[in-house]
Structure formats: structure tokens, C-alpha cells
Colleague: 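Dropping a structure here in C-alpha cells format, bear with me for questions.
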2 protein chains.
Amino acid sequence: MKRGARITQKDVAVRAGVSQATVSTFLAGGDGVVASETAHRIEAAIAELGYTPNRFARALRTQRSMVVACVVPDITNPFYPALFAAAQATMGSEYDVVAINTGGAAEAEDAVIAAALQGRYDGLVGVFFTRRASDFADAVRAGVAVARIEAHPKAGGALAIDDVFVDNRRAAAELTQTLLDLGHRRIEMIAAAGGPETVRVEGYRAAMDRAGREAVVHTARAYSAAGGAEVVQAMLRRDKLPTALLAANDLMAIGALRVLGEAGVAVPGDVSVAGFDDIMPAALAMPQLTTVALHQDDLGARAAGLLLARLTGAAEGPGRVVEMPFDIVARASIGPPAIQDTQRRRTST
Amino acid sequence: MKRGARITQKDVAVRAGVSQATVSTFLAGGDGVVASETAHRIEAAIAELGYTPNRFARALRTQRSMVVACVVPDITNPFYPALFAAAQATMGSEYDVVAINTGGAAEAEDAVIAAALQGRYDGLVGVFFTRRASDFADAVRAGVAVARIEAHPKAGGALAIDDVFVDNRRAAAELTQTLLDLGHRRIEMIAAAGGPETVRVEGYRAAMDRAGREAVVHTARAYSAAGGAEVVQAMLRRDKLPTALLAANDLMAIGALRVLGEAGVAVPGDVSVAGFDDIMPAALAMPQLTTVALHQDDLGARAAGLLLARLTGAAEGPGRVVEMPFDIVARASIGPPAIQDTQRRRTST
DNA sequence: CTGTTAGCGCTTTCAA
DNA sequence: TTGAAAGCGCTAACAG
């Protein structure tokens, strides 16, 4: 089970006819710290032997693990893989990026923070549902870099925690406004309890208030396609469909789309449907779903960039709060309301 | 940037009034290796101090990193997150599981193998598009555990490489047969070049041959929704639609579904469509897509299980080859062919 | 500019 | 049953 004899700095040193410490010094890299003649010999030895530094020895010595944890509620949720992949890509090959699924549970979030505090991770990047800045205090003071991805602006305390966020509240308001501008008056929202999606409901309410329209929010069992579907089924049963339906996320919107389609209700002819997140299935839905792109890859990349800056010492001091743009992706699932509600039309455009 | 003074075995030892080596011995765990009185004192000290072993020191000493790499072509492809999450879950908390995106490129696959050989990873689990058993030889001999996930049975050489596979060839044949049994005669397939999906084409051809029907395979630009869509657009242009369309993966099938829907072709009324993989969007498509479930979570879990067995020494000797079941998930997108091809009907059921 | 030295925290003989 | 000692491969003073 042991790994075969690996090439160490000592081997390189012997081959190059210098001391092991000189090899280390050379690797540390300061411009002309090593005589160019020696440098060449070492370089040659490294190449011939195929030397690669042992990251564990290095970690032990430097107290830096060179691994960061990318914290997500559930990598199986189509929203996160892109975020993770982008974070991983921007961290480069020096760092190992491990994905940690928390399930949005406090204990799991605490566990990663604790692990980081113990030196297992140099940095934490990702989405924390339950932990607030103060929960990171010990870790941050101990030198752990933290970059969070949020759904709304954060206070930005004195702690060295960087935040990247998209203003979901504003995005929801704009999306609602888009529907309003199209002529819709009865716009209802589907959401579930808790989660960062809550601010989307606020945005919707704000926009409706502003327009002098009544906000109606239906609570689903979960932020899933099934959750969205059930709500719409109930609406259908009572024969009370609005002209536009805004779902707190794409999964719910797609569930709604399905039920509507099966009931022969035309989208967007009879009712317009919009979602949130711009996950892949949204573009594949029929009709294609109008949604808000949060650009999860950019979020991951940006957050990882901030993390990297902390890690390399390029950034210091209190945390930065950077806002990232969203985009309303207008697709086929929305259109102007029919003159008369709930009449049957063609199934798609 | 340094991590704060961590609790070490030495601290525990001092507190318990024993030597550091004794703490280590205790942790190693052999039943009564340590006097129970001592054991209690050490346990108490560990609890009070909140000691956790330093994995880097341990890795340096034991030459085992306690991290395994889960190798996937692209974590962003909806097929892989479930596989990764399952592998991660079964590896337990002792192991860190890092996801490595290879993009299916030989160099990237080589790079992980090399990294493992250098001791960065104790094990490799996942999908390798380009590397064959012999490419793992050095690593395996050096003690790296390897468990691959394949699309068809492997020879199972003398090397200690475990393989988990679903017989994609047979799955494709059965799916084709399902269509045949429904009464379809003109069944055509959409595939792209290369990849493990190739064996699916073989299975399709075999089933068609057996039924005495002509196999027609259309080559798409890529294994994507766009790739599938383009092929169907071309068919539509030539007005040559078969009664059933078998796509090499769900993404292509969904692309096909979209184009068909937009052209007003009824599915499954006019043409039946089936895919492969059972990714989430398949269940969300309209109509819901008939596909082959490969149970990627089971694949990941099983492969990780084999890896773990190697790692813990529970398994030894030549690699095991274990076949995993597939399931044909019959959903709304297929049905019996219309009496007359290509006539217009309702868009959905 | 290069080498010596002292550990980082841990496991593992080997003695006591 | 416990402890002393060595050393995994590396970095970082410090001397020379």
C-alpha cells in the first residue's frame, strides 16, 4: 500500500551536487538567490529525475494545506456544478478544490469551518445558508480565507470576509416589472419556505406594491419541480389562474410548465411563466423558460478570485463586497396577457 | 496567514500525563494496547482540548494522503454530479474527495494519474475516456487504488484495477427492441463521434439487424441538445422523419424534442423519441423523455466502495469487474407508431 | 551565494 | 504497557 520511493529534494541535490537546502532555496524562486550556474544544474536534475514537491511535507512545514473547500448545499442541484467548476478553474492547479455538500445544514457548515480552523483547508468559498459572519470569526482570525456567495448585499463588517452577491431582490423586482410592462395585472408567485429565495419574494412584493397590484404568494412544499407542479394543480382545481406566474426558481417554474402543458393551458398564450437561476433545464424546457441568469460561473470565478487574492496576500484588511450583475433572459414562456383570461389557444409558438 | 497554534498530540500527552508516543499508540487503537486507566485520561484530554490529528503530518509519515480523486469529464454535465456526490458520500469523512474535470482529454487524465503516482491521491475513481489499464500500471504498482466506471465490460487483466460497468450495448439493444415491440419499423439513431456512447450505437445496430431492419445512424456535431436539434432540423428539411428516434444521450434527445415540438410534430403521436442517461432534464422535458437509467449514483457508490475496500486492504489481488443494472424508464415520449407516418396530431397527451 | 540546523506533527521500531 | 528516538520531505533562519 505504500507509495513507491518518490523523488525528493535530496535526490535532486545529490544529482546536482549541491545541498538539499539549496534546492529548496532555488525552488523558492527569488530572482538571483542562486548562482545561475547552480540554478542550471538543479533545473537539469529536476527535469531528469522528474521531481515534484511533496505537498504534505510542505503543508506540514508551512502550515498551509493548499486545499480550499468549495461549499455548496448540494452539488446535485444544477445550480452549483458550474459555480464549483469555475471556482476550481480559477484556483489553478496549485490548489486542490474539494466540493463540500452541506445540504444547507448548520452542522455541516460548522464542520467545514472547523476543519478549516484545524488547518485542513486554507480557504472557504461558496454558499453558506446558515452561518453568519461571526461564525467565521475564529477561523478568519486564524488565517483562513473566506469568500461567500450571497443572494443580497451584506453588511461587510470588520472581518476579512469577502462577499460576492447578486441582488436577487432587485432581480425579482425587475422580472416582475417586465411582466407588468407586458400588460399583466394578475401576477402570482410560487415559493417555498426559507432559503435565499426569500428575498426574491420580497422583490416581487415590492414591485407589485409599487404598481398598486396585489401580491399573491403560493407556498409550495419544496423548491422543486414537484413543488411547483402541486401548486399549479391546486390552482387549476379551483380554476383560478393568474395571467402570469413567477416561480422562485427554475425547477418550480418547470414543474408549473409541465402541469400547465398537460392541462392544455397555453404558455404564454393563457399564462406566462418565469423562473429564476437559468439552470440548464430552463433552456431545454418547452416552451423555453424566461428566467433570471445569475451567472453562477462568474460568481464562482469571482469569489475564488477574491479568495486567491487573500491567500496570496495580494488583498488585506476588511472584506470586500462585490456586486455581480444578473440578466433577465427573455425566452418564449412569457408574452402579453390574453384579452380574456384563461381561454384556450395554441400550445406553443 | 499562519494557522493559529493547533492542538497536537504533545498537548494531549502533557495534559494526560503520558508521552506523546503513548497518545499516538492509543489513537492507533489496538484493543488493550493501552492500560484502560491511561486510555481514559487520554480520552478526556482529547475531549477537553478538542484535539484532531493533523492529516498532513500523518500523510507525510504514512505516505498516504487520505484524498482520492473523482475523475469526470465534466462536472457541469448533468450526468456526473450524482456520481460524484455518491462517491464522496461512500468514501466517508476520513477521505477528501476532489473532483477532477478532465474534459475527456488524454493529458488531463494522465495528469491525475501522475499526481496519484506522486502521492497526491491514494485512489482514483471515475470515468476515464482515453486511458487504458496499462496506463495505470505504474500507479497501481506503486499502490494507488483505481476503480473505473465503464460503459461496457472490460477484459479485467491481472492489474489490481476494479471496474464497474453498465452494459450500454445491451441497454441500447433493449431500448431499440422496446421500440420494435411497439410496432416501429423505421427507427433511426442520432449520435456524435467517439465517446463511450459508441457502444450504444452498436447495441442499436445489433437489435435492428436481428429484427431485419435497416439501421440508420445520423452523426451530430456534438453530444449536446444543439447537436440533436440540428440533426432533426435537417431531417425536417428533407421531410424524412422515421417513426422513432433514438438519441445517444438525453441531451440530444431533448434537442430533438424541442425541434419536433416547434415544428408541430406530435411526440409520440408522429414520432417517438428516446434518450439515454436519465439526467434530470429528461424527467422535466415535455413530453417526459423515455430513457435508460444508468443510476449514476449507484455507479459512483459502488466504484467508491471497491476503492475503499482496496484502500483499507479488505480487497486484494486482480481487479474485480462488476456489472450494474440499467433500467428502461418508459415515459410519455414513446408510443406505437401512427398508422400513417408524419401526420399532424395533438402536441401532447 | 550555499550549507547547516532545527523542527512542522505524526507513526513506528525498539528498549525499558 | 509505556517512552525515547528517528525520520517522513520540506522551509526558514542563520552562519559561513
Side-chain angles (χ1 to χ4, degrees), chain A residues 1-43 45-46 49-66 94 118-120 122 142-143, chain B residues 1-43 45-46 49-66 94 118-120 122 142-143:
Chain A
M1 269 304 160
K2 282 266 180 83
R3 209 53 32 80
R6 299 259 344 280
I7 309 292
T8 72
Q9 285 188 355
K10 194 159 142 207
D11 301 322
V12 174
V14 169
R15 175 116 189 179
V18 296
S19 82
Q20 174 268 324
T22 302
V23 176
S24 178
T25 310
F26 166 77
L27 256 18
D31 266 353
V33 249
V34 160
S36 83
E37 218 277 307
T38 326
H40 286 128
R41 288 216 311 281
I42 296 179
E43 248 168 2
I46 287 178
L49 264 23
Y51 166 80
T52 5
N54 178 316
R55 41 180 25 228
F56 303 108
R58 188 173 276 178
L60 180 58
R61 181 60 232 235
T62 60
Q63 305 286 47
R64 310 187 79 230
S65 68
M66 302 306 279
E94 294 277 270
Q118 288 159 200
R120 184 155 167 179
D122 286 344
Chain B
M1 270 304 160
K2 280 264 179 87
R3 210 52 32 81
R6 298 262 338 284
I7 308 292
T8 72
Q9 286 187 355
K10 194 158 143 207
D11 301 320
V12 174
V14 169
R15 176 116 189 178
V18 296
S19 82
Q20 175 268 323
T22 302
V23 176
S24 178
T25 309
F26 167 78
L27 258 19
D31 265 352
V33 251
V34 160
S36 81
E37 218 278 306
T38 328
H40 286 129
R41 288 217 312 280
I42 297 180
E43 249 168 1
I46 288 179
L49 265 23
Y51 167 79
T52 7
N54 178 314
R55 39 180 27 229
F56 302 108
R58 189 174 272 181
L60 181 58
R61 180 61 233 232
T62 62
Q63 306 284 52
R64 310 188 79 232
S65 67
M66 300 307 281
E94 294 276 88
Q118 286 158 202
R120 184 156 168 181
D122 286 345

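In what follows, chains are A, B, ... by sequence order, proteins preceding strands, each numbered from 1. Since we're looking at a predicted model, the values are computed, not measured.
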Colleague: Starting at CE of B/M66 and ending at P of C/dT11, how long is that distance when rounded to a whole Å?
Modeller: 11 Å

Colleague: Once side-chain contact (heavy atoms from CB on, under 4.5 Å) is applied, do any residues pair with B/A16, and if so which ones, sequence neighbours excluded?
Modeller: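 Testing B/A16 for side-chain contact (heavy atoms from CB on, under 4.5 Å), a comparison that skips the adjacent residues, returns B/V18, B/R41, B/I42, B/A45.
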
Colleague: What's the shortest heavy-atom distance between A/L27 and A/Y51, and which atoms?
Modeller: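 So the two residues come closest at CD2-CE2, 3.7 Å.
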
Colleague: Spell out protein contact along nucleotides 9-16 of chain D as letters: B when the base is contacted, S when just the sugar-phosphate is, - when no protein heavy atom is under 4.0 Å; keep the 5' to 3' order.
Modeller: BBBB----

Colleague: Using the test side-chain contact (heavy atoms from CB on, under 4.5 Å), find all partners of A/N54 that sit at least two apart in sequence or belong to another chain.
Modeller: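 Scan of A/N54 (side-chain contact (heavy atoms from CB on, under 4.5 Å), adjacent residues dropped) gives A/R6, A/F56, A/A57, B/L60.
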
Colleague: Rounding to 10 degrees, work out the angle separating the end axes of the helix from C/dC1-D/dG16 to C/dA16-D/dT1 (five pairs an end).
Modeller: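 Computed angle between terminal axes is 40°.
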
Colleague: Measure across A/S19 and A/A13 and return the closest heavy-atom pair with its distance rounded to 0.1 Å.
Modeller: C-CB, 3.6 Å

Colleague: On a heavy-atom basis, which atom in A/S65 and which in A/A59 lie closest, and how many Å separate them?
Modeller: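 Taking every non-hydrogen atom into account, CA-CB, 4.1 Å.
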
Colleague: Identify, with sequence neighbours excluded, every residue that meets side-chain contact (heavy atoms from CB on, under 4.5 Å) alongside B/E94.
Modeller: B/M66

Colleague: Minimum heavy-atom separation for B/T52 and A/Q118, please, with both atom names.
Modeller: OG1-CD, 3.0 Å

Colleague: Heavy atoms only: give me the nearest A/I7-A/L49 pair and the separation to one decimal.
Modeller: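 It is CG1-O, 3.6 Å.
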
Colleague: Can you measure from NZ (B/K10) to CD (B/Q20) and round to the nearest 0.5 angstrom?
Modeller: 8.5 Å

Colleague: Can you list the residues that meet the salt bridge (charged side-chain N to carboxylate O under 4.0 Å, His left out) rule with B/R58, with sequence neighbours excluded?
Modeller: none

Colleague: Test of understanding: with side-chain contact (heavy atoms from CB on, under 4.5 Å), list the residues that count as partners of B/A35, not counting sequence neighbours.
Modeller: B/T38

Colleague: Report the residues that fulfil side chain to side chain donor-acceptor pair (under 3.5 Å) with A/R15, sequence neighbours left out, ordered by chain and then residue number.
Modeller: A/E48

Colleague: Restricting both atoms to N or O, compile the protein contacts to nucleotides 14-16 of chain C shorter than 3.5 Å, with distance only.
Modeller:
none

Colleague: Can you list, by residue number, the residues of residues 36-43 of chain A that have a non-hydrogen atom closer than 4.0 angstrom to DNA chain D?
Modeller: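 By residue number: none to list.
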
